[in-house]
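Reading through the structure tokens given below for one structure.
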Amino acid sequence: MLVLKEDSSTLDAFLIPPVPIYMQFYLFNVTNPEEIRFKGAKPIIREVGPYTYDEHREKYDLQWDHTEGTVTYYQNKSFVFNQEMSPGHSEDDPVTTINAVMVSIASKVEPLGPVVEALVEFAFLRFSETIFITKTVKELLWGYDEPLMTELSKYVGDPTNNKGKFGFFYPVNNTNDGNYTVKTGEKGLGDYLHITQWKGLDILDYWSTDYCNMINGSDGSQYPPRISHDSVLEIYTSEMCRSLYLTYEKDVWWDGVHTYRFIPPKAMLEDPMINPDNMCYCYPGPDDCLGAGMLNMAPCAHGAPVIMSTPHFYQGDEVELAKLDGLNPQKSQHETILDVEPKTGVTMHAEKKIQINVPLRPYGNLPSFKNVPEVIFPVLWVNESAAIDSALAKDVNKATFLPFLIVDIVFGALLVLGIVLLVIAGIKFRRIRRNRGQHKL
């Protein structure tokens with residue numbers, strides 16, 4: 001039943017997920033921007049949120065390859081604000097945060113010398129750019145007009161085609177992130193829904209070794225059947241331009257269904273000095289490694305200074321955590337989890353959590369950055385979650401539990417019947433032997 005084909009019963013659920021998916025954003029509001037900017041003070045940030053959006057996914061333009069047992073598709077994602085799940089919050093709430101555009105420009109002109117730096121500083125003054133800005137949640141997420149970007153694009157082009165707009169998730173809404181090729185199970189379920197190619201590539205080119213550039217696993221919604229405690233579940237996430245893996249933590253029940261919980265092991269995002277397997281994620285080289293729980297996204301973000309991390313630096317760099325006032329990492333709130341039904345490999349409950357940060361420091365000789373502290377500055381974190389509802393949980397329970405229960409009952413009944421027949425046969429055998437003995441007498 002799991003095998004994907006043009007006429008399979010599971011195709012509709014593959015094209016449009018039958019479960020609600022939510023994107024919950026938590027932004028960090030800076031309460032002492034002027035002290036940071038002029039005195040190098042310790043940043044004080046306060047989390048605000050959640051700002052919840054319904055996430056709608058739809059796969060389209062399917063291309064089947066029955067020889068390889070794969071299907072290639074695009075997936076459109078769109079987001080609609082959910083006020084009911086954002087109690088006390090509005091998209092129009094103002095938030096003060098770091099000016100990511102200004103930091104990005106500063107990082108790129110730093111190696112170009114004092115003349116270029118002077119011109120850029122003049123542009124900062126002309127367009128009234130400051131290190132900290134106040135925008136609405138909607139603007140920060142989905143984009144706002146940035147005149148400085150429009151002006152600069154006249155001279156250096158617009159490689160991201162952003163048309164003078166900037167937002168941390170612009171222009172993600174109502175777009176796709178490239179085509180995927182996945183295994184359909186037609187040639188076997190051992191690699192069911194594993195991603196074999198993304199954007200036509202079977203290996204990435206962002207990182208320094210083939211190991212870090214591998215595209216492994218699925219999108220996290222489904223795995224091959226017969227998951228065990230020893231299984232390692234792999235996920236490819238285009239947002240982080242890398243593959244991740246999760247290991248078993250414990251058994252949990254989700255809406256009456258027995259599942260295995262998988263979480264990212266600490267070693268996966270460990271400091272490269274402790275886990276050398278992560279050394280190939282150091283950018284631009286091995287002397288530029290970040291601390292635990294952090295990933296420099298510059299190689300796949302057009303060189304922009306963006307750092308992904310765990311929310312609130314959970315299991316992350318203690319040094320960076322100590323530079324900020326307002327973070328409180330907790331396992332229950334900030335850990336990524338997958339609850340998977342082991343017989344079918346279906347993910348019953350998932351929470352993927354990622355934080356976006358911008359590195360703040362004095363850049364070259366730019367006066368605007370002269371007095372700021374050096375800190376990995378949190379902007380926001382997001383929880384992308386999905387869970388099977390009660391009705392679907394009952395269907396899964398029926399499909400996975402009842403057949404095995406019936407088999408157990410039938411097996412038990414047959415076993416009892418077999419024992420009874422053996423007892424009857426033994427009694428009859430003894431009677432036959434006794435009768436034969438009496439005839440001989």
Query - Carboxylate-amine/guanidinium proximity below 4.0 Å for Glu384 and Lys353 - result: no
Query raised in the report: Using the benzene-type ring in the case of Trp, are the ring centres of His312 and Phe28 under 6.0 Å apart?
Result: yes
Report task. With rounding to the nearest 0.5 Å, note down the distance linking CD in Gln83 to CZ in Phe81. Result -> 4.5 Å
Requested in this report: Answer yes if the side chains of Glu34 and Asn32 hold a donor-acceptor pair under 3.5 Å, and no otherwise.
Outcome: no
Query - Heavy atoms of other groups near Asn216 CG, more than 12 under 6.0 Å - result: yes
Query - Asp317 backbone acceptor or donor facing Glu320 side chain under 3.5 Å - result: no
Query raised in the report: Would you say the side-chain atoms of Asn278 pair up with the backbone N or O of Ala267, donor to acceptor, closer than 3.5 Å?
Result: yes
Report summary line: Between Glu129 and Asn99 the two heavy atoms that sit nearest each other are OE1-ND2, 2.8 Å
Report task. State whether the side chain of Ser86 and the backbone N or O of Asn82 hold a donor-acceptor pair below 3.5 Å, judged by distance alone. Result -> yes
Requested in this report: Could you tell me whether the side chain of Ser128 and the main chain of Phe124 form a donor-acceptor pair under 3.5 Å?
Outcome: no
Query raised in the report: Between Thr52 (side chain) and Met85 (backbone), is there a donor-acceptor pair under 3.5 Å?
Result: yes
Query raised in the report: Can you tell which of Ile45, Ile131, Asn357 makes a side-chain contact (heavy atoms from CB on, under 4.5 Å) with Phe377?
Result: Ile45
Requested in this report: Could you tell me whether a side-chain N or O of Thr181 sits under 3.5 Å from a main-chain N or O of Thr72, the two making a donor and an acceptor?
Outcome: no
**Report entry** CE-CG distance between Met348 and Asp339, expressed to the nearest 0.5 angstrom
**Finding:** 9.0 Å
Query raised in the report: Have Thr344 and Glu341 got a donor and an acceptor in their side chains that come within less than 3.5 Å?
Result: yes
Query - Test item: Cys282 and Leu290 side chains (from C-beta on) under 4.5 Å apart, heavy atoms - result: no
**Report entry** Heavy-atom closest contact (His229 atom, Tyr248 atom, distance)
**Finding:** O-CB, 3.2 Å
Query raised in the report: Does a donor on one side chain and an acceptor on the other come within less than 3.5 Å for Asp230 and Ser228?
Result: no
Requested in this report: Could you tell me the separation between the CD1 atom of Ile388 and the CG atom of Asp255, rounded to the nearest 0.5 Å?
Outcome: 9.5 Å
Report summary line: Smallest heavy-atom separation, Met279 atom then Cys289 atom, equals SD-SG, 3.5 Å
Query raised in the report: Quick one: does Val103's side chain get under 4.5 Å of Ile98's, heavy atoms only?
Result: yes
Requested in this report: Return the orientation label for the Tyr260 and His258 ring planes: parallel under 30°, perpendicular over 60°, tilted otherwise.
Outcome: perpendicular
Query raised in the report: Can the ring centroids of Tyr73 and Tyr60 be said to lie less than 6.0 angstrom from one another?
Result: no
Report task. Give a yes or no answer on whether the side chain of Asn179 reaches the backbone of Tyr74 with a donor-acceptor pair at less than 3.5 Å. Result -> no
Report task. Give, for atom CG of Leu204 and atom SG of Cys212, the distance between the pair rounded to the nearest 0.5 Å. Result -> 10.0 Å
Query - Nearest atoms (heavy-atom pairs only) where His89 meets Pro50 - result: CD2-O, 3.6 Å
Report task. Check Met297 against Met308 and note the closest heavy-atom contact, atom names and distance. Result -> CG-CG, 3.3 Å
Query raised in the report: Do we see a donor-acceptor contact under 3.5 Å between the side chains of His349 and Glu351?
Result: yes
Query raised in the report: Any Lys/Arg nitrogen of Glu335 or Lys331 sitting under 4.0 Å from an Asp/Glu carboxylate oxygen of the other?
Result: yes
Query - Electrostatic pair Glu110:Arg361 at N-O distance under 4.0 angstrom - result: yes
Query raised in the report: Can a donor-acceptor pair be found between the side chains of Tyr180 and Asp177 at a distance below 3.5 Å?
Result: yes
Report task. Answer yes if the side chains of Asn76 and Asn176 hold a donor-acceptor pair under 3.5 Å, and no otherwise. Result -> no
Query - Under-4.0 Å salt bridge between Glu55 and Arg57 - result: yes
Report summary line: dist Ile307:CD1 -> Asn296:CG (nearest 0.5 Å) comes out at 5.5 Å
Requested in this report: State whether Asp325 and Arg46 are salt-bridged, where the test is any N-O pair (Lys NZ or Arg NE/NH1/NH2 against Asp/Glu carboxylate O) under 4.0 Å.
Outcome: yes
Query raised in the report: Is it true that the side chains of Gln315 and Thr310 contain a donor and an acceptor less than 3.5 Å apart?
Result: no
Query raised in the report: Do Tyr363 and Ser107 touch side chain to side chain, with heavy atoms closer than 4.5 Å?
Result: yes
**Report entry** Minimal non-hydrogen separation, Gly164 against Thr150, with atom names
**Finding:** CA-OG1, 3.3 Å
Requested in this report: Give a yes-or-no answer on whether the side chains of Ser243 and Glu234 include a donor-acceptor pair shorter than 3.5 Å.
Outcome: no
Report task. Check the pair Leu27, Tyr51 against side-chain contact (heavy atoms from CB on, under 4.5 Å), reporting the backbone distance first and the verdict last. Result -> CA-CA 9 Å; Leu27 287 80; Tyr51 298 89; 3.9 Å; yes
Requested in this report: State, without any angle test, whether Thr237 and Glu239 hold a side-chain donor-acceptor pair at a distance under 3.5 Å.
Outcome: yes
Query raised in the report: Is the centre of the Trp142 ring less than 6.0 Å from the centre of the Phe79 ring?
Result: yes
**Report entry** Check: Asn275 side chain, Pro272 main-chain N or O, donor-acceptor pair, under 3.5 Å
**Finding:** no
Query raised in the report: More than 12 non-hydrogen atoms from neighbouring residues, nucleotides or ligands closer than 6.0 Å to NZ on Lys59, yes or no?
Result: yes
Requested in this report: Establish, from distance only, whether the side-chain atoms of Thr347 and Ser221 form a donor-acceptor pair under 3.5 Å.
Outcome: no
Requested in this report: Could you give me the CA-CA distance, side-chain angles and deciding distance for Thr97 and Leu140, then say whether side-chain contact (heavy atoms from CB on, under 4.5 Å) is met?
Outcome: CA-CA 9 Å; Thr97 187; Leu140 290 172; 3.8 Å; yes
Query raised in the report: For Cys241, does its backbone N or O pair with a side-chain atom of Trp207 as donor and acceptor, under 3.5 Å?
Result: yes
Report task. State whether the number of non-hydrogen atoms from other residues, nucleotides or ligands found under 6.0 Å of Arg226 atom CZ is greater than 12. Result -> no
**Report entry** Residue pair Leu4, Leu193: steps toward the side-chain contact (heavy atoms from CB on, under 4.5 Å) verdict
**Finding:** CA-CA 9 Å; Leu4 280 177; Leu193 289 190; 3.6 Å; yes
**Report entry** N/O donor-acceptor pair under 3.5 Å between Thr70 side chain and Lys183 backbone
**Finding:** no
Query raised in the report: How far apart are the C-alpha atoms of Phe313 and Gln355, what are their side-chain angles, what is the distance that settles it, and do they pass the side-chain contact (heavy atoms from CB on, under 4.5 Å) test?
Result: CA-CA 8 Å; Phe313 298 152; Gln355 181 168 297; 3.6 Å; yes
Report task. Can you measure from CD (Gln333) to OH (Tyr314) and round to the nearest 0.5 angstrom? Result -> 11.5 Å
